[in-house]
Amino acid sequence: TKAYDLEDDVSSDEKFSRLNALLDLQKRKIKEVRKRYLGRKVKVLVENKSPKGETYMGRTEHNLITHINGSSVKDEGNIVTVSITEILENTLRGEKI
């Protein structure tokens with residue numbers, strides 16, 4: 001493209017600042033989306049045991065990772081209904097119904 005031939009006139013500090021601003025916006029938007037799930041019942045495909053703790057985890061139909069209290073190895077590979085009780089930094093947490 002023509003842009004390939006243009007001089008890069010943006011400093012590394014400015015690029016870093018712009019990237020951080022974009023990442024902050026993304027975190028806020030994702031948090032807003034996750035908040036909509038609080039108190040809702042969702043279907044979760046149970047994948048495996050959580051790397052930390054005793055819960056199992058899976059993904060909602062919207063691909064949100066969810067930690068499931070009350071789930072067990074027998075739920076792996078199955079879809080269970082989960083009531084979302086907590087919004088974590090990168091995931092959801094809920095109780096198996």
Side-chain angles (χ1 to χ4, degrees):
T1 66
K2 288 185 177 187
Y4 180 80
D5 294 325
L6 296 176
E7 180 182 337
D8 184 0
D9 60 350
V10 179
S11 71
S12 293
D13 287 342
E14 179 63 21
K15 290 176 185 177
F16 186 71
S17 176
R18 291 177 185 180
L19 176 60
N20 282 331
L22 183 61
L23 292 174
D24 288 343
L25 175 63
Q26 180 185 24
K27 282 181 185 179
R28 287 194 310 273
K29 292 295 183 184
I30 288 172
K31 191 172 186 176
E32 288 174 17
V33 168
R34 287 192 186 113
K35 279 184 178 180
R36 291 185 226 157
Y37 286 87
L38 193 58
R40 288 179 49 191
K41 294 176 182 148
V42 296
K43 301 287 186 187
V44 177
L45 173 61
V46 181
E47 296 177 333
N48 50 34
K49 190 171 182 183
S50 299
K52 299 176 184 175
E54 296 299 314
T55 63
Y56 277 74
M57 58 188 274
R59 294 177 186 267
T60 69
E61 60 190 338
H62 296 106
N63 203 33
L64 296 172
I65 296 173
T66 306
H67 296 274
I68 311 159
N69 294 325
S71 190
S72 67
V73 66
K74 67 181 179 180
D75 294 321
E76 281 187 29
N78 294 309
I79 296 174
V80 298
T81 302
V82 177
S83 177
I84 302 301
T85 58
E86 189 176 358
I87 307 302
L88 304 172
E89 185 175 348
N90 296 309
T91 61
L92 304 174
R93 178 175 289 145
E95 298 288 332
K96 178 183 166 187
I97 299 176

Measuring from atom [atom1] of [X] to atom [atom2] of [Y], what distance do you get when rounded to the nearest 0.5 angstrom?
X: L45; Y: I79; atom1: CG; atom2: CD1; value: 5.5 Å
X: I84; Y: T91; atom1: CD1; atom2: OG1; value: 9.5 Å
X: R34; Y: L88; atom1: CZ; atom2: CG; value: 8.5 Å
X: T60; Y: I65; atom1: OG1; atom2: CD1; value: 9.5 Å

Hey, are Y37 and H62 close enough side-chain-wise for a donor-acceptor pair under 3.5 Å?
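Side chains of H62 and Y37: pair found under 3.5 Å.
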Distance-only donor-acceptor check, side chains S50 and T55, under 3.5 Å
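Judged by distance alone, the side chains do pair up.
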I'd like to know if the side chain of S83 and the backbone of E95 have a donor-acceptor N/O pair within less than 3.5 Å.
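Pair absent, no side-chain N/O of S83 close to backbone of E95.
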Salt bridge K31-E89, side-chain N to carboxylate O under 4.0 Å:
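No.
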Hydrophobic cluster membership, V80 vs M57, 4.5 Å side-chain cutoff:
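In one cluster with V80: M57, no.
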Between V73 and I68, is there a shared hydrophobic cluster once you connect ILVMFWY residues whose side-chain heavy atoms come closer than 4.5 Å?
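Yes, because V73 and I68 connect within a single hydrophobic cluster, where side-chain heavy atoms sit under 4.5 Å apart.
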Less than 3.5 Å apart, which donor and acceptor atoms pair up between the side chains of residues 3-18 and the rest of the protein, not counting sequence neighbours?
unit_1	atom_1	unit_2	atom_2	d
D8	OD1	V10	N	3.3
D8	OD1	K15	NZ	3.4
D8	OD2	K15	NZ	2.5
S11	OG	E14	N	3.1
E14	OE2	R18	NE	2.9

Side chains of [X] and [Y]: closer than 4.5 Å at any heavy-atom pair?
X: L25; Y: L23; value: no
X: L92; Y: I87; value: yes
X: T81; Y: V42; value: no

Nearest heavy-atom neighbours spanning V82 and T66
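Looking at all heavy atoms of both residues, the closest pair is CG1-CG2, 4.3 Å.
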Listed once per pair and sorted, the salt bridge (Lys or Arg N to Asp or Glu O under 4.0 Å) pairs that draw on residues 38-48, sequence neighbours left out
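Passing the test, one end in residues 38-48: E47-R59.
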Going by salt bridge (Lys or Arg N to Asp or Glu O under 4.0 Å), name the pairs with one or both residues in residues 68-87, residues two or more places apart or in two chains.
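Salt bridge (Lys or Arg N to Asp or Glu O under 4.0 Å) check on residues 68-87 returns D75-K96, E86-R93.
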Identified side chain to side chain contact (heavy atoms under 4.5 Å, CB included) counterpart of I30 within the set K27, E32, R28, Q26:
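Output: one option passes, namely Q26.
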